[in-house]
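All residue numbers refer to positions in the sequence shown, counting from 1. The structure displayed is predicted, hence computed values, not measured ones. Order of appearance sets the numbers: ligands from 1, and atoms from 1 within every ligand.
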Amino acid sequence: MFLQIVLSLFGGLQLLQPVAAHAVPLPPSVDPFYQPPPGFESRKPGEILRSRAIDIPSSVTGASRGHQLLYRSIDSHRNSDAVVTTIFAPSNEPCTEVLSLQTAYNSPATDCAPSYTLRSGTASLPEQDVIPMALKYGWCVSIPDFEGPRGAYTNGLQSGYATLDSIRALSRSGNVTGISSSAKFALAGGSGGAIGSEWALELMHEHAPEIEERLVGALLTALVPNVTSTFLSVDGTISSSLIPLSLLGLSKQSSSFADWLAGATTPNQTSSFFAATTSCADKFGTSFSFRSSKSFLRRTNAVLESVPQSTIEKVGLMGRHGRPSIPILVYKGTQDRVSPVVDTDRLVTEYRSCGVQIEYRKATNAGHSLAGSYGFVVGLPCRVDV
Ligand SMILES: *[C@@H]1O[C@H](CO)[C@@H](O)[C@H](O)[C@H]1NC(C)=O
Ligand SMILES: *[C@@H]1O[C@H](CO)[C@@H](O)[C@H](O)[C@H]1NC(C)=O
Ligand SMILES: *[C@@H]1O[C@H](CO)[C@@H](O)[C@H](O)[C@H]1NC(C)=O
């Protein structure tokens with residue numbers, strides 16, 4: 001078995017390497033790799049539709065191989081879609097431990113997905129240092145575009161399904177990636193990345209029960225359990241750009257939400273607001289920081305209106321879709337201004353009361369970004385004992 005994997009691995013590499021050598025990456029919106037082949041709807045969620053070898057970006061130190069898979073998944077309405085994940089391996093040995101790292105790319109723009117920004121060198125992901133750290137432990141790392149092909153930022157259903165299907169795809173990718181079919185997986189994510197990770201835990205029983213035995217644990221930092229609460233909390237603060245980014249992300253899979261949003265934005269702000277669909281979160285953020293939502297939404301507390309609330313009820317509240325069944329480490333700052341600590345307290349209490357095994361650590365006086373990042377320093381080594 002071991003020899004078979006190694007042989008097919010080398011076979012695969014020989015086949016794929018000349019194609020990928022020094023290729024300048026194309027953005028997802030124009031790269032044919034991202035387009036699912038005709039008839040892909042008849043494939044099962046988690047099936048691999050396409051694969052390729054990629055050059056290792058200079059930011060990813062310690063990787064010896066890089067690959068991407070296009071796999072079949074579903075959106076929040078259970079319609080077929082196709083999602084890309086990017087995999088780095090620390091050596092040419094078969095991989096038996098994989099970290100599924102959901103990153104906080106926080107963008108409603110197709111071309112800001114990590115599968116592209118990592119390769120083009122334009123990524124400014126808070127978790128970028130986690131990739132070399134995990135490779136050093138000998139793990140493979142998978143970074144899925146869990147917001148789906150159109151950047152459904154803060155849509156929990158899309159994020160969870162895409163994350164679960166990436167693990168299914170990785171489990172059958174051995175002849176391409178060297179990941180063993182019996183490999184164990186850990187999930188990790190902070191803030192926007194914790195949306196993919198947490199919703200995957202909630203939706204596992206409904207969508208992908210067979211992967212439970214291969215998931216060993218999850219690290220969730222700077223959780224954002226309630227999108228409405230975040231809207232109210234970040235208004236006028238350094239993080240206020242999350243309001244347009246999230247509203248645009250939520251509008252991607254709901255035409256009634258999109259119609260509502262078109263009418264809710266202040267007319268002379270529409271073009272700068274909608275710029276978030278083409279400019280990545282780090283660049284867009286500077287233009288909407290410290291803004292009151294009153295300056296770009298026509299009505300006070302527009303996010304509390306019935307149209308946005310009915311979408312948020314379905315895709316923006318954690319803890320309503322299923323009980324996680326693997327051990328979880330939750331790391332949260334008590335001074336989080338993006339998502340108040342009480343929301344995470346409530347979620348953890350609910351889960352614990354149903355028997356979920358959670359270690360809940362709080363960083364006293366730490367805010368959202370600090371606790372979000374520091375949680376990885378604290379949490380990753382704890383998960384080595386897979
Ligand atoms: C890997 O195996 C699958 C299923 O057996 C096959 O369809 C695919 O072409 C193989 N890929 C490579 C790169 O060998
Ligand atoms: C989410 O936050 C809003 C605003 O703070 C609050 O009214 C609502 O009750 C919260 N929902 C849940 C399920 O905690
Ligand atoms: C946009 O319009 C509002 C009134 O609706 C006004 O208060 C504001 O100054 C305008 N901003 C710009 C940049 O023109």
Side-chain angles (χ1 to χ4, degrees), residues 1 3-20 33 36-37 39-40 42-44 46-54 65-72 82 84-85 87 89 92 94-95 154 156-157 168-181 183 195 198-199 202 223-237 239 242-243 246-247 250 293 297 300-323 332 336-351 353-354:
M1 182 63 188
L3 193 64
Q4 226 170 25
I5 291 174
V6 173
L7 288 177
S8 58
L9 181 64
F10 282 108
L13 284 179
Q14 270 163 14
L15 262 176
L16 290 163
Q17 250 170 0
V19 182
F33 181 80
F40 83 103
S42 64
R43 311 283 295 277
K44 289 200 189 77
E47 281 192 36
I48 298 169
L49 304 171
R50 241 184 223 135
S51 65
R52 65 181 171 189
I54 56 163
R65 294 179 272 136
H67 287 94
Q68 291 186 324
L69 306 174
L70 177 77
Y71 59 93
R72 160 86 153 79
V84 171
T85 189
I87 301 118
N92 290 323
C95 243
T154 62
L157 287 175
R168 286 171 150 163
L170 293 168
S171 304
R172 22 171 99 99
S173 71
N175 64 348
V176 177
T177 62
I179 292 175
S180 152
S181 60
I195 296 176
E198 201 281 344
W199 281 78
E202 287 193 29
L223 268 175
V224 183
N226 179 334
V227 168
T228 304
S229 170
T230 290
F231 284 147
L232 303 180
S233 184
V234 300
D235 205 330
T237 73
S239 310
L242 293 176
I243 300 175
S246 172
L247 290 174
L250 291 169
S293 61
L297 296 177
T300 305
N301 285 335
V303 299
L304 300 178
E305 292 170 10
S306 62
V307 174
Q309 282 301 308
S310 77
T311 294
I312 291 169
E313 278 285 316
K314 293 186 198 103
V315 305
L317 293 173
M318 290 179 182
R320 301 194 151 188
H321 290 77
R323 183 170 61 84
K332 182 78 180 174
D336 193 319
R337 300 282 302 275
V338 171
S339 171
V341 67
V342 290
D343 290 352
T344 295
D345 290 347
R346 188 181 304 132
L347 184 70
V348 167
T349 304
E350 272 170 28
Y351 279 160
S353 72
C354 323

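- Annotation: atom 13 (C) of ligand 2 to nearest protein heavy atom, Arg320 NH2, 3.7 Å.
- The shortest side-chain heavy-atom distance between Ser239 and Arg337 does not fall under the 4.5 Å cut-off.
- The option from Val176, Asn175, Thr177 that lies nearest to atom 2 (O) of ligand 1, judged by heavy atoms, is Asn175.
- Taking any N or O of Asn226, backbone or side chain, at least one lies under 3.5 Å from an N or O belonging to ligand 2.
- Without hydrogens or angle criteria, Asp343 side chain to Pro225 main chain gives no donor-acceptor distance under 3.5 Å.
- Using a distance-only test at 3.5 Å, with no hydrogens or angles considered, no donor-acceptor pair links the side chain of Ser233 to the main chain of Thr230.
- Using a 4.5 Å heavy-atom cutoff, the side chains of Arg172 and Glu47 are in contact.
- The protein does not reach atom 9 (O) of ligand 2 closely, with no heavy atom under 4.0 angstrom from it.
- Contacts between Gln309 and ligand 2 below 4.0 angstrom, taking non-hydrogen atoms only, are absent altogether.
- At least one side-chain heavy atom of Ser246 sits less than 4.5 Å from a side-chain heavy atom of Val227.
- Contacts with ligand 2 closer than 4.0 Å are made by no heavy atom of Asp343, backbone or side chain.
- At least one donor-acceptor pair under 3.5 Å links the side chain of Asn226 to the backbone N or O of Ser229.
- At a threshold of 4.5 Å between non-hydrogen side-chain atoms, the residues Ile312 and Phe231 count as touching.
- Nearest non-hydrogen protein atom to atom 4 (C) of ligand 2 is Leu232 CD1, 3.8 Å.
- Considering both main-chain and side-chain atoms, Ser51 never comes within under 3.5 Å of ligand 1 through any nitrogen or oxygen pair.
- Looking at atom 14 (O) of ligand 2, its nearest protein heavy atom turns out to be Arg346 NH1, 2.8 Å.
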